[in-house]
*Asks:* 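Questions regarding the structure given below will be posed in turn.
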Amino acid sequence: MKRTLVVLLALMMLCVSALAMAEAAAEVTVEVTFEGEWVEFEEYGLKICLPTDWVEYEVEEELYMAGTEDDTQLLVMNELELDEATIEALLAGLTDTEGLTDVAIVIINGVSYVTYVIEDDDVFGVVTITEAGAVLDFMFAPNSDSDFVDLAMQIVASITTME
């Protein structure tokens, strides 16, 4: 009987924690206002709109990198290999990662992301889970440029499934 009560209490606490995380998620609507071109990632079944003046960089096969020609604005995308791919697990894992700050769940145009900042590297990042279950990390630099952070949020808002 005691064991059952302890298990029930533990389950209740988990449910309350999950609800608290869900309630804490900021929900925002972001409009894409820049002129851009679509880049498709067939392996993930998604596409993303990037500014027309951006270029793609040659990097390792596991990474995708694009930005301005002078490297003043950058996007790096890579796939994360995780045992448990849920937004809550991402939040917990990133919260416990040394060097990351401002870790939070944000819902942008109805899609859940976990956002974070790496202050030492001047990076703003968002992690999401695709419909196919891939965990993708989008890192933007520089985070210290508020105009660029606005553009980065628009780029994130443009992420959509391929038709």
*Asks:* Heavy-atom distance under 4.5 Å between the side chains of Glu31 and Thr33, does that happen here?
*Replies:*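 Yes. Closest side-chain heavy atoms under 4.5 Å.
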*Asks:* At their closest point, which heavy atom of Asn109 faces which heavy atom of Ala157, and how far apart are they?
*Replies:*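 Taking Asn109 first and Ala157 second, the nearest heavy atoms are ND2-CB, 3.5 Å.
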*Asks:* Using a 4.5 Å cut-off on heavy atoms from C-beta on, say whether the side chain of Thr130 contacts that of Leu136.
*Replies:*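 With C-beta onward as the side chain, the pair touches.
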*Asks:* Which residue, Ile155, Val126, Val127, Val76, forms the side-chain contact (heavy atoms from CB on, under 4.5 Å) with Phe138?
*Replies:*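 Result: among Ile155, Val126, Val127, Val76, Val126 is the only option passing the side-chain contact (heavy atoms from CB on, under 4.5 Å) with Phe138.
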*Asks:* Identify the heavy atoms of Ser112 and Thr128 that sit nearest to each other, and give their distance.
*Replies:*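 Between these two residues, the closest heavy atoms are O-OG1, 3.0 Å.
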*Asks:* Does any non-hydrogen side-chain atom of Gln73 lie less than 4.5 Å from one of Leu151?
*Replies:*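 Heavy-atom side-chain distance check passes, below 4.5 Å.
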*Asks:* Please tabulate, for the side chains in residues 47-59, all donor-acceptor contacts under 3.5 angstrom to protein atoms that are two or more places apart in sequence or on a different chain.
*Replies:*
from  : atom 1 : to    : atom 2 : distance (Å)
Glu56 : OE2    : Tyr64 : OH     : 3.0
Tyr57 : OH     : Thr68 : O      : 2.3
Tyr57 : OH     : Asp71 : OD1    : 2.6

*Asks:* Between Val111 and Ile159, is there a side-chain heavy-atom distance shorter than 4.5 Å?
*Replies:*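 Of all side-chain heavy-atom pairs linking Val111 with Ile159, none is under 4.5 Å.
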*Asks:* Please say yes or no: joined through hydrophobic side-chain contacts below 4.5 Å, possibly via intermediate residues, are Tyr113 and Phe140 part of one cluster?
*Replies:*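 Yes; Phe140 is reachable from Tyr113 via cluster members.
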*Asks:* Name the atoms and distances for all side-chain donor-acceptor pairs under 3.5 Å in residues 91-107, with sequence neighbours left out.
*Replies:*
from   : atom 1 : to     : atom 2 : distance (Å)
Thr95  : OG1    : Leu91  : O      : 2.6
Thr97  : OG1    : Gly93  : O      : 2.7
Thr101 : OG1    : Glu119 : OE2    : 3.2

*Asks:* Is there a path of hydrophobic side-chain contacts, each under 4.5 Å between heavy atoms of I, L, V, M, F, W or Y residues, that connects Ile87 with Met153?
*Replies:*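 No, separate clusters.
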*Asks:* Can you tell if the side chain of Leu75 reaches within under 4.5 Å of the side chain of Met139, non-hydrogen atoms only?
*Replies:*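 Sidechains of Met139 and Leu75: no contact.
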*Asks:* If Ile, Leu, Val, Met, Phe, Trp and Tyr residues are connected whenever their side-chain heavy atoms lie under 4.5 Å apart, and connections chain through other members, are Val114 and Val123 in the same group?
*Replies:*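 Yes, same cluster.
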*Asks:* For residues Asp122 and Asp145, determine if any side-chain heavy atom of one lies less than 4.5 Å from a side-chain heavy atom of the other.
*Replies:*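 Side-chain contact under 4.5 Å: no.
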*Asks:* Would you kindly confirm whether Val156 and Met65 end up in one hydrophobic cluster when ILVMFWY residues are joined by side chain heavy atoms under 4.5 Å apart?
*Replies:*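 Hydrophobic grouping puts Val156 apart from Met65.
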*Asks:* Should Tyr116 and Val30 be regarded as members of a common hydrophobic cluster, given that ILVMFWY residues are connected when their side-chain heavy atoms come within less than 4.5 Å of each other, either directly or indirectly?
*Replies:*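 In one cluster with Tyr116: Val30, no.
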*Asks:* Throw together a table of side-chain donor-acceptor distances under 3.5 angstrom for residues 38-46, partners on residues two or more places apart or in other chains.
*Replies:*
from  : atom 1 : to    : atom 2 : distance (Å)
Tyr44 : OH     : Glu79 : OE1    : 3.0

